Amino acid sequence: MSRLCIIILTKNEEKDIEAAIQNARQCADEVLVVDSGSTDRTVELAKKDGARVVFREWDNDFAAQRNFALTQTDADWVLYLDADERMNDELIRAVKRIISANPSDVGRKKQYSMQRKSVAFGKKFSYGPLHPDWVTRLFPRESVTWVGKVHEHPELSLPLEKLPGHIEHYTYRNWQEWEEKMARYSTLWAEEAYHKGRRASLPEALLHGIGSLFSTLLLRLGFLDGWMGICLCCMYFSYTTLKYLKLYGLQSNRKD
């Protein structure tokens with residue numbers, strides 16, 4: 001029978017790691033935690049809950065972390081979860097069916113995506129920047145490679161199929177956490193974009209921000225999530241503008 005390894009990338013996730021591992025163990029043969037230098041109790045708690053923990057130093061490259069994880073297991077299948085994500089019962093049953101039904105013949109295998117629903121600031125969001133999306137997370141281990149330092153994505157040529165059920169994403173407990181994550185993500189995005197040869201002007205930074213506000217607030221109906229949804233759309237305007245301002249700052253400082 002095929003074996004499934006669920007992979008969780010961590011750094012200082014002591015608030016979530018126990019629940020994440022317990023959720024993963026409902027369908028995984030192995031839970032692998034790839035830690036990048038936690039200074040809290042993440043590693044201790046992960047081991048206590050039966051996960052295998054390996055270390056890889058953080059180098060600002062999410063894809064590299066995910067690719068490293070592939071070398072640390074010999075399972076036939078891998079499924080990636082974040083520490084703040086939980087599979088619901090319907091999705092767990094679907095994953096079990098896939099692993100038990102697929103033989104080792106790669107020619108008959110697929111990659112699988114799952115719907116993700118966000119819970120932030122104690123509220124479930126249905127529209128705007130945190131509208132439900134589809135994330136591809138379940139793969140035959142030897143068929144997938146990840147690319148991209150931030151907003152990384154898998155590359156493989158297998159057919160794609162959507163699974164029933166969903167992942168609940170418990171993101172952003174408060175606005176301070178949102179601000180910290182967006183500061184980190186905007187820096188990573190700007191650095192990657194700069195090294196890929198992308199450039200920006202100050203007017204372009206503002207235009208991208210306005211475009212993101214229009215898209216999230218109106219096209220994605222962010223206003224239907226109430227005042228919290230409207231605030232989040234405005235914050236997303238700030239985040240998008242900041243990404244391009246940081247890119248502009250990089251090119252100005254390096255005088256290219």
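Only this structure's heavy atoms are used, side chains among them; waters, hydrogens and symmetry mates stay out. None of these values were measured; they are calculated from a predicted model.
Side-chain N or O atoms of Ser212 include one that pairs as donor or acceptor with a backbone N or O of Gly209 at under 3.5 Å. Looking only at distances, no side-chain donor or acceptor of Asp35 sits under 3.5 Å from a matching main-chain atom of Arg56. Using modelled atom types, no side-chain atom of Thr73 and backbone atom of Leu70 make a donor-acceptor pair closer than 3.5 Å. Listed for the Thr42 side chain is a donor-acceptor partner under 3.5 Å among the backbone atoms of Glu13. Side-chain N or O atoms of Arg52 include none that pairs as donor or acceptor with a backbone N or O of Leu32 at under 3.5 Å. A donor-acceptor pair is defined here as one N or O able to donate and one able to accept, closer than 3.5 Å; no such pair exists between the side chain of Ser38 and the backbone of Asp40. For the pair Ser215 (side chain) and Gly211 (backbone), a donor-acceptor distance under 3.5 Å is absent. Proximity of a side-chain donor or acceptor of Asn67 to a complementary backbone N or O of Ala63 within less than 3.5 Å is detected. Formation of a donor-acceptor pair under 3.5 Å by the Asp225 side chain with backbone atoms of Phe125 is not found in this model. Under the 3.5 Å distance criterion, the side-chain polar atoms of Ser36 are matched with a main-chain donor or acceptor of Thr10.
Both tests hold for Arg199 against Tyr194: distance to the six-membered ring centre under 6.0 Å, angle to the ring axis within 45°. For the pair Lys246 and Tyr248, the cation does not sit on the ring face, since its NZ or CZ is not both under 6.0 Å from the ring centre and inside 45° of the axis.
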Q) Is there a side-chain contact (heavy atoms from CB on, under 4.5 Å) between Leu160 and Ser113 once you walk through the steps? A) CA-CA 7 Å; Leu160 177 65; Ser113 64; 4.0 Å; yes

Q. Hey, mind stepping through Arg66 and Asp82 against salt bridge (charged side-chain N to carboxylate O under 4.0 Å, His left out) and telling me if it holds?
A. CA-CA 11 Å; Arg66 296 190 186 273; Asp82 291 343; 3.5 Å; yes

Q: Kindly indicate, with the supporting measurements, whether the criterion ring pair (Phe, Tyr, Trp, His ring centres under 6.0 Å) is fulfilled by Phe223 and Trp227.
A: CA-CA 7 Å; Phe223 64 90; Trp227 285 108; over 10 Å; no

**Q.** side-chain contact (heavy atoms from CB on, under 4.5 Å) evaluation trace for Glu179 with Trp175
**A.** CA-CA 6 Å; Glu179 182 181 10; Trp175 289 107; over 6 Å; no

Q: Output, in order, the C-alpha distance, side-chain angles, deciding distance and verdict of ring pair (Phe, Tyr, Trp, His ring centres under 6.0 Å) for Trp178 and Phe121.
A: CA-CA 9 Å; Trp178 186 94; Phe121 319 113; 8.0 Å; no

Q: Kindly determine whether Leu4 and Val78 satisfy side-chain contact (heavy atoms from CB on, under 4.5 Å), including the steps that lead there.
A: CA-CA 6 Å; Leu4 169 66; Val78 291; 5.6 Å; no

Q: Just do the ring pair (Phe, Tyr, Trp, His ring centres under 6.0 Å) check on Trp146 and Phe139 with the steps written out, would you?
A: CA-CA 11 Å; Trp146 291 82; Phe139 318 91; 5.8 Å; yes

Q: Please assess Trp189 against Leu247 for the test side-chain contact (heavy atoms from CB on, under 4.5 Å), listing each intermediate value before the final yes or no.
A: CA-CA 8 Å; Trp189 181 92; Leu247 175 58; 4.2 Å; yes

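Open room surrounds NZ on Lys47; 12 or fewer heavy atoms of other groups in view lie less than 6.0 Å from it. The environment of NZ in Lys15 is sparse: at most 12 heavy-atom neighbours from other residues, nucleotides or ligands sit within 6.0 Å. Counted within 6.0 Å of CD on Gln22, heavy atoms from surrounding residues, nucleotides or ligands total more than 12; the atom is thus considered enclosed.
With respect to Glu161 and Lys110, a salt bridge is recorded, a charged nitrogen being found less than 4.0 Å from a carboxylate O. One finds no salt bridge joining Glu180 and Arg184 here, because no Lys/Arg side-chain nitrogen approaches an Asp/Glu carboxylate oxygen to under 4.0 Å. For the pair Lys196 and Glu192, the salt-bridge criterion is met [side-chain N within less than 4.0 Å of a carboxylate O]. Checked for salt-bridge contact, Asp16 and Arg86 meet the test: a charged N lies under 4.0 Å from a carboxylate O. Between Asp133 and Arg116 there is a salt bridge, with a side-chain nitrogen of the basic residue lying less than 4.0 Å from a carboxylate oxygen of the acidic one. Of the charged side-chain nitrogens involved, none lies within less than 4.0 Å of a carboxylate oxygen, so that Asp49 and Arg41 do not count as a salt-bridged pair. The pair Arg3-Asp74 meets the salt-bridge criterion, with a side-chain N (NZ, NE, NH1 or NH2) lying under 4.0 Å from an Asp/Glu carboxylate O.
Grouping the Ile, Leu, Val, Met, Phe, Trp and Tyr side chains by contacts below 4.5 angstrom, directly or via other members, places Met182 with Trp58. Two different hydrophobic clusters hold Leu232 and Leu213 under the rule that ILVMFWY side chains link at heavy-atom gaps under 4.5 Å. Leu245 and Leu250 are assigned to two separate hydrophobic clusters, defined by single-linkage of ILVMFWY side chains at heavy-atom distances under 4.5 Å. Hydrophobic cluster membership differs between Leu242 and Tyr239, with clusters built from Ile, Leu, Val, Met, Phe, Trp and Tyr side chains linked at under 4.5 angstrom. By the criterion of side-chain heavy atoms lying less than 4.5 angstrom apart, applied directly or through intervening Ile, Leu, Val, Met, Phe, Trp or Tyr residues, Ile230 is grouped together with Leu221 in one hydrophobic cluster.
Of all non-hydrogen atoms in Lys243 and Ala190, the two that sit nearest each other are O-CB, 3.8 Å. The two residues Ser2 and Asp29 make their nearest non-hydrogen contact at O-OD2, 4.1 Å. When all heavy atoms are compared, the tightest approach of Ala64 to Asp61 is N-OD1, 3.0 Å. Between Cys233 and Pro129, the shortest heavy-atom contact is SG-CD, 3.8 Å. Counting all heavy atoms, side chain and backbone alike, Val53 lies closest to Ala46 at CG2-CB, 3.8 Å. A pairwise comparison of heavy atoms in Lys109 and Pro159 identifies O-CD, 3.9 Å as the closest pair.
The closest side-chain heavy-atom distance from Tyr112 to Val95 is not below 4.5 Å. Between Arg93 and Glu90, the closest side-chain pair of non-hydrogen atoms falls below 4.5 Å. A 4.5 Å side-chain heavy-atom check between Val43 and Ile17 finds every atom pair outside the cut-off. Between Trp134 and Lys162 the shortest side-chain heavy-atom distance falls below 4.5 Å. Here the side chains of Thr171 and Glu85 are not in contact, with every heavy-atom distance at 4.5 Å or above.
Rounded to the nearest 0.5 angstrom, Leu163 CG and Met114 CE are separated by 5.5 Å. Separation of atoms CG (Leu138) and CD1 (Ile98) is listed at 7.0 Å; rounding is to 0.5 Å. If you take CD on Glu168 and CD on Gln115, they are separated by 10.5 Å, rounding to the nearest 0.5 Å. Considering CH2 of Trp77 and CD1 of Ile6, their distance stands at 13.0 Å, rounded to 0.5 Å. In this structure, SG in Cys27 is found 12.0 Å from CZ in Arg97, a value given to the nearest 0.5 Å. Between Leu79 atom CG and Met87 atom CE the span is 6.0 Å, to the nearest 0.5 Å.
Between the side chains of His208 and Glu204, at least one donor-acceptor pair of N or O atoms lies under 3.5 Å. Using modelled atom types, one finds a donor on one side chain and an acceptor on the other under 3.5 Å when comparing Asp84 with His169. In this structure, a donor-acceptor pair under 3.5 Å is absent between the side chains of Gln111 and Ser143. There is no side-chain donor-acceptor pair under 3.5 Å between Tyr236 and Arg220.
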